[in-house]
Engineer: 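So that we are looking at the same thing, I have put the structure below in structure tokens.
Here the structure is a predicted model, which is why all the values come from computation and not from measurement. Chain identifiers are assigned alphabetically (A, B, ...) following the order of the sequence lines, protein sequences preceding nucleic acid strands; residue numbering begins at 1 within each chain.
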Amino acid sequence: MDASVPMPRAADLLAWYDRHRRALPWRAEAGERPDPYRVWASEIMLQQTTVTAVKPYYERFMARFPTVQALARAPSEEVMQAWAGLGYYSRARNLHACAKAVMENHAGRFPDTEEGLRALPGIGAYTAGAVAAIAFDRPAAAVDGNVERVITRLFAIADELPGARPLIREKVLALLPAGRPGDFAQALMDLGATICTPRNPACGLCPWREPCRARIEGTQESFPRKAKKKAGQTRYGAAFVLTRADGAILLRTRPAKGLLGGMAEVPTSEWRADYELDGAAQDAPLPLRWTEVPQPVRHVFTHFPLELTVFTGAVPAKTPAPAGMRFTPLGRLAEEPLSGVMVKVLAAAGVKPTGLSA
DNA sequence: TAACCGTGGGT
DNA sequence: TACCCAAGGTT
């Protein structure tokens with residue numbers, strides 16, 4: 001350790017937070033205890049998702065499910081629909097399961113410890129720490145991507161993520177102030193989100209500029225260190241938008257687990273790297289004259305790009321849906337849990353769901 | 001441990 | 001354009 005570099009002090013960060021904290025819909029007023037349900041729901045929504053994307057979903061979600069009891073009692077399709085477009089749909093399934101567990105196993109109250117929270121579905125190390133600290137004033141570490149960046153820079157931790165996580169956690173615990181654990185957790189995240197940004201950090205405005213080793217070295221942007229991820233291979237497939245004469249669209253529900261689990265979709269072929277479009281007709285839900293939409297729909301998932309060729313077709317009114325599928329009236333399309341990629345497919349086919357939340 | 005799991009925005 | 005990134009969790 002270089003003795004000439006001062007130790008960072010939590011008090012300096014908290015003083016900065018008192019002047020610069022962000023006003024966010026799920027954040028209580030200074031000095032007030034927030035509703036654990038709202039803290040928890042916002043934390044789940046914010047997993048790997050930007051504040052900007054979450055805001056409108058959070059507002060709608062709270063209006064629709066004001067309490068953990070209301071959420072627990074809601075049908076799963078309604079929960080999935082409220083989440084549609086936000087991504088990482090296992091979060092929505094786990095959120096619903098967690099609400100039910102809180103009602104059935106915890107008398108409708110969230111556990112107030114990290115350990116108790118961690119045992120609930122969809123709550124991992126970060127979320128347990130965040131909810132414990134923010135909602136229950138527990139002295140817990142909430143290490144998210146922001147905190148990883150702040151801490152690796154502050155101490156110039158050159159170990160790659162995720163291997164460096166235990167050390168980062170140690171550092172955060174060592175920095176915890178005697179009081180205000182919830183504010184400290186949020187201050188650390190606010191600092192990462194507004195000052196200690198991935199690129200062009202505003203070090204001149206940082207309350208920890210003096211003790212920051214990376215700033216002293218001039219290597220701020222080289223932290224945190226992490227291995228590059230390989231890009232997945234593009235997968236291809238065909239999607240079939242079938243319109244009945246009364247305007248209804250043929251849909252089905254995807255299996256509960258896996259990619260887009262539990263979400264609604266138009267029938268498609270399998271999605272494969274070696275998919276042959278020539279045989280697409282065999283993958284159609286019904287044998288009829290399909291029209292290819294000129295421009296395929298491209299979509300990028302976390303681990304692979306997808307290119308779907310869209311086919312449109314029409315059938316007479318009163319045509320029954322094939323087994324396992326349903327015709328949804330155009331006016332009720334907005335009630336279906338349609339993923340982002342399916343909204344793109346429908347748009348490419350000229351179908352515009354009205355009032356869609358996504 | 002590493003792969004899986006969405007989507008939109010920034011550079 | 002092609003990356004990177006965002007209040008991660010599960011298997």
Engineer: Run through the side-chain heavy atoms of Ile, Leu, Val, Met, Phe, Trp and Tyr, join any pair under 4.5 Å, and report what else lands in A/V300's cluster.
Structural biologist: none
Engineer: With a 6.0 Å cut-off on ring centres, are A/F61 and A/F65 close enough?
Structural biologist: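 Yes, they do, as the ring centres are separated by less than 6.0 Å.
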Engineer: Starting from P on B/dT1, measure out to CG on A/L161 and report it in whole angstrom.
Structural biologist: 12 Å
Engineer: Counting only non-hydrogen atoms, which of residues 23-34 of chain A are less than 4.0 Å from DNA chain C?
Structural biologist: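 The answer is A/L24, A/W26, A/R27.
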Engineer: Which residues in residues 44-56 of chain A have at least one heavy atom lying under 4.0 Å from any atom of DNA chain B?
Structural biologist: A/Q48, A/T49
Engineer: What's A/S42 touching, base or sugar-phosphate or nothing? Going by heavy atoms closer than 4.0 Å.
Structural biologist: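 Contact class for A/S42: none.
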Engineer: Hey, what else clusters with A/L250 if you join Ile, Leu, Val, Met, Phe, Trp, Tyr whenever side-chain heavy atoms sit under 4.5 Å?
Structural biologist: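 A/Y236, A/F240, A/L242, A/Y275, A/L277, A/L286, A/L288, A/W290, A/F311, A/V315, A/M325, A/F327, all in the cluster of A/L250.
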Engineer: Between A/H299 and B/dG6, is there a contact of a side-chain N or O with OP1 or OP2 at under 4.0 Å?
Structural biologist: no
Engineer: Quick one: how far along DNA chain C does chain A reach, first to last nucleotide 5' to 3', anything under 4.0 Å to a heavy atom?
Structural biologist: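 Extent of the interface on DNA chain C: C/dC4 to C/dT10.
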Engineer: Please report, rounded to the nearest Å, how far the P atom of B/dG6 is from the NZ atom of A/K257.
Structural biologist: 14 Å
Engineer: Could you check, using the six-membered ring where one of them is a Trp, whether A/H303 and A/F301 have ring centers closer than 6.0 angstrom?
Structural biologist: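 Not close enough - the centres of the two rings lie 6.0 Å or further apart.
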Engineer: Starting from the 5' end of DNA chain C, give me the residue, A/G192 or A/G122, whose nearest nucleotide shows up first.
Structural biologist: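 The residue mapped nearer the 5' terminus is A/G192.
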Engineer: If you draw the axis of the six-membered ring of A/F223, does the NZ or CZ of A/R225 fall within 45° of it and under 6.0 Å from the ring centre?
Structural biologist: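 Ring-cation test returns yes.
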Engineer: Does this structure show an ion pair linking A/R209 with A/D12, if we count only N-O contacts that are shorter than 4.0 Å?
Structural biologist: no
Engineer: Ring pair (Phe, Tyr, Trp, His ring centres under 6.0 Å) between A/Y58 and A/W26: does it pass, once the steps are laid out?
Structural biologist: CA-CA 8 Å; A/Y58 175 81; A/W26 45 85; 5.3 Å; yes
Engineer: If you draw the axis of the six-membered ring of A/F304, does the NZ or CZ of A/R235 fall within 45° of it and under 6.0 Å from the ring centre?
Structural biologist: yes
Engineer: At a cut-off of 3.5 Å, list every protein nitrogen or oxygen paired with a nitrogen or oxygen from nucleotides 2-5 of chain B, distance to 0.1 Å.
Structural biologist:
{"unit_1": "B/dC5", "atom_1": "OP1", "unit_2": "A/L259", "atom_2": "N", "d": "3.3"}
{"unit_1": "B/dC5", "atom_1": "OP2", "unit_2": "A/H303", "atom_2": "NE2", "d": "2.4"}

